[in-house]
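Counting convention: from 1, in listed order, for ligands and their atoms alike. What you see is a predicted model, and the numbers here were worked out from it, not measured in a lab.
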Amino acid sequence: MNDLTSVIAIDGPAASGKTTIGRLLAERLNYLLLDTGSMYRAVTLAALRQGVDVADETAVTHLAQSITIDIKPAAAEQDGRLSTTLLDGEDVTWALRDPDVDAHVSQVSSYAPVRREMVRQQQQFGQRGRVVMVGRDIGTVVMPDAPLKLYVTASAEERARRRWQERQEQGHNGGYDAILADVRRRDEIDGNRQHSPMRPADDALIIDTTDRGPEEIVAEIMLVAE
Ligand code: DC
């Protein structure tokens, strides 16, 4: 791969399989994986912990501008994480998956000035090259010149089933129906928000993972990427 192809942009809705595909591609190509959703989650977690009202856009924006978020390779940790996220130096990788963060992150990520700050940090990261960036607006806003853009999707039912399974494995309980309702609610917010709504870039490859496993899909993408 030459320099022009050193950023792979992957977008798509929650639990579509985009992060798994991103991880496999990053491993095969020896690229870094940047899951940009964890940055919006880190802002949300900081707000919840510091008692900042997530409905207060100005306060959440100040917070987003004042905290330090670092994303590093998973390194020595062997607990299933894909990368490590530090919030002001503290490892919050698993705290970011808390249902309370899930419940508020769409609202936090709908604020334009919060997005501006995250996009600025993500673009700095992208300039280093050799990175697979996963999110909702990577191909459309963050890295519009990325030579390879993927939009990964799956049916809402299949995505809810995957989230339900993940939750069970992490020891959280919760019914499938509630998870399906949450998946649909977040699709609605992420897809219809005023600023950078989730949508495929015009030149993105659309990949449906409803009935296909990540290995098979990644093998196909590698043919295009190499
Ligand atoms: O991928 P995720 O579930 O960790 O994303 C968490 C939230 O952040 C989700 O509501 C969408 C939002 N998000 C975004 O708006 N832009 C991104 N680039 C990544 C995530």
(request) Please state which part of His195 comes within less than 4.0 Å of ligand 1, counting heavy atoms only: side chain, backbone, both or neither. (result) neither

(message) Strictly distance-based, threshold 3.5 Å: is any side-chain N or O of Thr209 a donor or acceptor partner for the main-chain N or O of Arg212?
(response) no

Which donor-acceptor pairs under 3.5 Å do the side chains of residues 40-47 make with protein atoms, sequence neighbours left out?
unit_1	atom_1	unit_2	atom_2	d
Arg41	NH1	Leu96	O	2.9
Arg41	NH1	Asp102	OD1	2.9
Arg41	NH2	Asp102	OD1	3.0
Thr44	OG1	Tyr40	O	2.8

(message) Need the ligand 1 atom indices (1-based, order shown) with element for anything under 4.0 Å from a heavy-atom of Asp190.
(response) 9 (C), 10 (O), 11 (C)

(message) Less than 4.0 angstrom from a charged side-chain N to a carboxylate O is my criterion; do Asp203 and Lys149 meet it?
(response) yes

(message) Quick check: Arg163 and ligand 1, any N/O pair under 3.5 Å apart?
(response) no

(message) For the backbone of Thr210 and the side chain of Ser155, can you confirm whether one donor and one acceptor N or O come within less than 3.5 Å of each other?
(response) no

(message) Between Arg115 (side chain only) and Ser110 (backbone N and O only), is there a donor and an acceptor less than 3.5 Å apart?
(response) no

(request) Run the numbers for me: atoms of ligand 1, each under 4.0 Å from some heavy atom of Arg115, listed by number. (result) 14 (C), 15 (O), 16 (N)

(request) Keeping to residues at least two apart or across chains, list the salt bridge (charged side-chain N to carboxylate O under 4.0 Å, His left out) pairs with something in residues 50-61. (result) none

(request) If you have a sec, work out which protein heavy atom is nearest atom 12 (C) of ligand 1 and how many Å separate them, to one decimal? (result) Ser109 OG, 3.5 Å

(message) Any carboxylate oxygen within less than 4.0 angstrom of a Lys/Arg side-chain nitrogen, looking at Asp91 and Arg81?
(response) yes

(message) So for ligand 1, is Asp35 a polar contact partner (N or O within less than 3.5 Å, distance only)?
(response) no

(request) Examine the proximity of ligand 1 to Lys18 and report which part, side chain or backbone, both or neither, has a heavy atom under 4.0 Å away. (result) side chain

(message) Out of all atoms in ligand 1, which are within 4.0 Å of some heavy atom of Ser106? Include the element for each.
(response) 10 (O)

(message) Suppose we measure from atom 20 (C) of ligand 1 to each protein heavy atom; which comes out shortest, and what is that distance?
(response) Gly37 CA, 3.5 Å

(message) Below 4.0 Å, non-hydrogen atoms only: which portion of Gln122 touches ligand 1? Side chain, backbone, both or neither.
(response) neither

(message) Less than 4.0 angstrom from a charged side-chain N to a carboxylate O is my criterion; do Arg161 and Glu158 meet it?
(response) yes

(message) One residue to check: Arg186. Relative to ligand 1, which of side chain, backbone, both or neither has a non-hydrogen atom less than 4.0 Å away?
(response) side chain

(request) Give the atoms of ligand 1, by number and element, whose distance to some non-hydrogen atom of Arg41 is under 4.0 Å. (result) 2 (P), 3 (O), 4 (O), 6 (C)

(request) Can you pull out the closest protein heavy atom to atom 13 (N) of ligand 1? Residue, atom name and distance to 0.1 Å, please. (result) Arg136 CG, 3.6 Å

(request) May I ask you to decide whether Glu188 forms a salt bridge with Arg193, counting only side-chain N to carboxylate O separations under 4.0 Å? (result) no

(request) List the closest protein heavy-atom neighbour of atom 8 (O) of ligand 1: residue, atom name, distance to the nearest 0.1 Å. (result) Tyr40 CB, 3.7 Å

(message) Exactly one of Arg199, Arg136, Arg159 should register a salt bridge (Lys or Arg N to Asp or Glu O under 4.0 Å) with Asp187. Which one does?
(response) Arg159

(message) To check your reading of the model: name the closest protein heavy atom to atom 19 (C) of ligand 1, its residue, and the distance in Å.
(response) Thr36 OG1, 3.4 Å

(request) Would you please determine whether Arg193 falls within less than 4.0 Å of ligand 1 on a heavy-atom basis? (result) yes

